[in-house]
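Written out below as structure tokens is the structure these notes cover.
If you're wondering where the values come from, they're calculated on a predicted model, not measured in any experiment. Residue indices begin at 1 and follow the sequence shown.
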Amino acid sequence: MVHTLVGGLAGVVWLVLPGMTINAAVPVPVARQAPGTETATVADAAEEDEKATVDLVLPLVAVGAAAVLAGYGYVRRTRRAKNRTTPGRISTLPSPTAPPLPELDERARALLTEADDWVRTSREELGFATARFATAAVEPSAKVLADAEAELSAAFRMRQQYDDGVPEDETARRHALAGIVGRCQEAGRVLDSEAPAFDRLRGLERSVGEALEIAETRFRELAGRTGTAETTLTELRDRYGPAAIDCVTGYVEHAKDRLVFTTSRLNESRQTADRGESRRAIRHLREAEGAVTQAAEFVTAVDHLATDLSTAANLLPTALTGAEAELAEARVAERAAGGQERPRKPLPPADLHARLAQADLVLAAVREELTGGPYDSLDALRRVVRAVLPVAGGRAGVLAVAASLVAESSLRGADGFVATHRGVVGATARTRLAEAVRLLGAEPADPLAADALAGEARALAERDVRVHGNPVAGAAEHASGLAGAVLGEVLLSEGIPPSFGGPRTRGRHDGDDPS
């Protein structure tokens, strides 16, 4: 098209140019020729005729060239249109230099894991800042953290869809992976942009002593709670059976491990602060804060499990009654429909009949457990919910409450495990966990799917830990709590603590004294 316009414009210029040279002013009288000049006049006239001929030929040549260029452009456009695989001006064929899809996939997974760590670390350090300052003071940093969490949530949602096979064609999947990478990078960018302001807010260089006091207070509280948690686990095992506490087995030992590490780091922070080595003091403080946060996660998980088991045990008799009422209503509707599908639950008659029979078996087994001694009340409630809710009508009542309880318990357990083992937990487990959070918070919520995904996330995270093991080996490292600190990413691979921020700023407290 451009060739056509340029050629046409050139032709017009050549046609118009001779007319522009004609003088339309008042004629000038011709002077009488001197004798002997007639021959020169004839020659001049011949020269003028030749110029006129050239003036006519050149525009024609320009117009012809424009036509040729236009034809050439048309042929090129036609060939491009035939070779194009999708509508649009840009070809969707991958560039010969584009990395293979598995390589892009691996990069997206790695960035998801890293971005989740940036957000988790920033959230934890923001908690220590909130303990010292008013809510209004930490609000800007909290707002930035919320923006980063939103970007990360969108990236996890895209990853879940990608894992589910959406989209299908390779080009669209490349675009999806690029979108995941972009979201993660944006989350890191906004956290990096806030890191300097957050450092000014905390002011550790000038008031590391105050922050140390807060960390030491938390440490003393956790030391007392850890002893209580050990007693709580013994009581839970006796009341609900060993299977009921499998999800927190070893948590008290892990908490003690983190507290041992916290003790040494608090002491080193206090000593270096007294010597005026502020940057080293800040580094050791950050290490202690990270370890005490994870120790609290372990202890709190035991407390939450005790509460959930007790709530489930109290709710179970009512849930059983509600479940039986739902099954009776389902059978009435099945008979009224004359063997056709129930309007509220589009299940084929054979599937509905089989599910009703299976639900009866589950309820009978749970009732037997209630009278047979110690039982896992959360597991029993989960089985009732999973058996009855799919065939229940719109009036779920107590079953909806029970479903929310078991889903929230699964989510807390999976999230705590990822947080305290994030040095080795990969992107797939974190993606399933994020999707479970989304489903439970959706409108309407889907607690059954959220519970299932949370359980899958926990299983995947535990598998990652088994595969990778503890990244630090050695009896001394385990005795000092260093191995657990690296496993939970209290320390980065460089041996420095992560801080509030993204990829450029999270390791800025390296402890190197400028002096």
Which residues pass the salt bridge (Lys or Arg N to Asp or Glu O under 4.0 Å) test with Glu408, sequence neighbours left out?
-> none
Check for a donor-acceptor pair, side chain of Thr371 on one end and backbone N or O of Glu368 on the other, with a separation under 3.5 Å.
-> yes
Residues in salt bridge (Lys or Arg N to Asp or Glu O under 4.0 Å) with Glu210, at least two apart?
-> Arg132
Heavy-atom closest contact (Phe261 atom, Ala291 atom, distance) = CD2-CB, 3.5 Å
Please confirm whether the backbone N or O of Val190 pairs with a side-chain atom of Ser193, one donor and one acceptor, at under 3.5 Å?
-> yes
Taking only residues two or more places apart in sequence or in another chain, which ones pass side-chain hydrogen bond (donor to acceptor under 3.5 Å, both in side chains) with Asp163?
-> Arg159, Arg432
How would you list, by chain and number, every residue that makes a salt bridge (Lys or Arg N to Asp or Glu O under 4.0 Å) with Glu213, sequence neighbours excluded?
-> none
So, do Thr130 and Leu126 sit near enough that their side-chain heavy atoms are less than 4.5 Å apart?
-> yes
May I ask you to decide if Leu309's main-chain N or O and Ser377's side chain share a donor-acceptor pair within less than 3.5 Å?
-> yes
Answer whether the closest heavy-atom distance between the side chains of Tyr240 and Leu305 falls below 4.5 Å.
-> no
For Asp446, the salt bridge (Lys or Arg N to Asp or Glu O under 4.0 Å) test, sequence neighbours excluded, returns none
Arg183 and Glu186 ion-paired at < 4.0 Å = no
N/O donor-acceptor pairs under 3.5 Å from side chains in residues 411-418, not counting sequence neighbours:
| residue | atom | partner | partner atom | Å |
| --- | --- | --- | --- | --- |
| Arg412 | NH2 | Asp308 | OD1 | 2.8 |
| Arg412 | NH2 | Asp308 | OD2 | 2.7 |
| Asp415 | OD1 | Arg120 | NH1 | 3.3 |
| Asp415 | OD1 | Arg120 | NH2 | 3.0 |

Answer whether the closest heavy-atom distance between the side chains of Glu230 and Thr226 falls below 4.5 Å.
-> no
Counting distance only, does the side-chain N/O of Arg422 pair as donor-acceptor with the main-chain N or O of Ala419 below 3.5 Å?
-> yes
Between Thr262 (side chain) and Arg258 (backbone), is there a donor-acceptor pair under 3.5 Å?
-> yes
Would you indicate whether the side-chain heavy atoms of Gln294 and Val490 approach each other to under 4.5 Å?
-> yes
Do the side chain of Ser310 and the main chain of Thr307 share a donor and acceptor less than 3.5 angstrom apart?
-> no
Return the minimal non-hydrogen interatomic distance between Gly203 and Ser207, and the atom names on each side.
-> O-OG, 2.8 Å
Looking only at non-hydrogen atoms, find the nearest pair between Ala155 and Ile180 and report the distance.
-> O-CG1, 4.0 Å
State plainly whether the residues Glu139 and Lys143 are in salt-bridge range, i.e. N to O under 4.0 Å.
-> no
How about Arg382 and Ser409: does a side-chain donor come under 3.5 Å of a side-chain acceptor?
-> no
Just wondering, do Phe500 and Arg286 contact through their side chains at under 4.5 Å, heavy atoms?
-> no
To the nearest 0.5 angstrom, please state how far the CD atom of Glu462 sits from the SG atom of Cys247.
-> 9.0 Å
Return the minimal non-hydrogen interatomic distance between Leu191 and Gly501, and the atom names on each side.
-> CB-C, 3.6 Å
Among Leu320, Val385, Thr321, Leu315, which one satisfies side chain to side chain contact (heavy atoms under 4.5 Å, CB included) with Val398?
-> Leu315
Does Arg107 pair with Glu103 as a salt bridge, N-O distance under 4.0 Å?
-> no
Side chains of Arg109 and Thr431: is there a donor and an acceptor less than 3.5 Å apart?
-> no
Inspect the contact between Asp117 and Arg506 and indicate whether a charged nitrogen and a carboxylate oxygen are less than 4.0 angstrom apart.
-> no
For Gly507 against Ile496, the heavy-atom pair lying closest together = O-CD1, 3.3 Å
Before giving the answer on side chain to side chain contact (heavy atoms under 4.5 Å, CB included), spell out for Phe156 and Asp116 the whole-Å C-alpha distance, their side-chain angles and the decisive distance to 0.1 Å.
-> CA-CA 10 Å; Phe156 273 129; Asp116 191 42; 4.1 Å; yes
Would you indicate whether the side-chain heavy atoms of Leu448 and Asp451 approach each other to under 4.5 Å?
-> no
Between Leu259 and Ala295 the two heavy atoms that sit nearest each other are CD2-CB, 3.9 Å
Less than 4.5 Å apart, any side-chain heavy atom of His175 and any of Pro167?
-> no
When rounded to the nearest 0.5 Å, the distance separating CD of Glu297 from OH of Tyr251 is 8.0 Å
Go through Gln160 and Arg157 one step at a time and tell me if the side chain to side chain contact (heavy atoms under 4.5 Å, CB included) criterion holds.
-> CA-CA 5 Å; Gln160 180 65 45; Arg157 179 60 182 144; 4.1 Å; yes
Got Glu435 and Arg438 here, is their nearest side-chain heavy-atom distance under 4.5 Å?
-> yes
So, Ser278 versus Arg206: side-chain donor-acceptor pair below 3.5 Å or not?
-> no
Asn267 side-chain N/O to Thr263 backbone N/O, donor-acceptor pair under 3.5 Å = yes
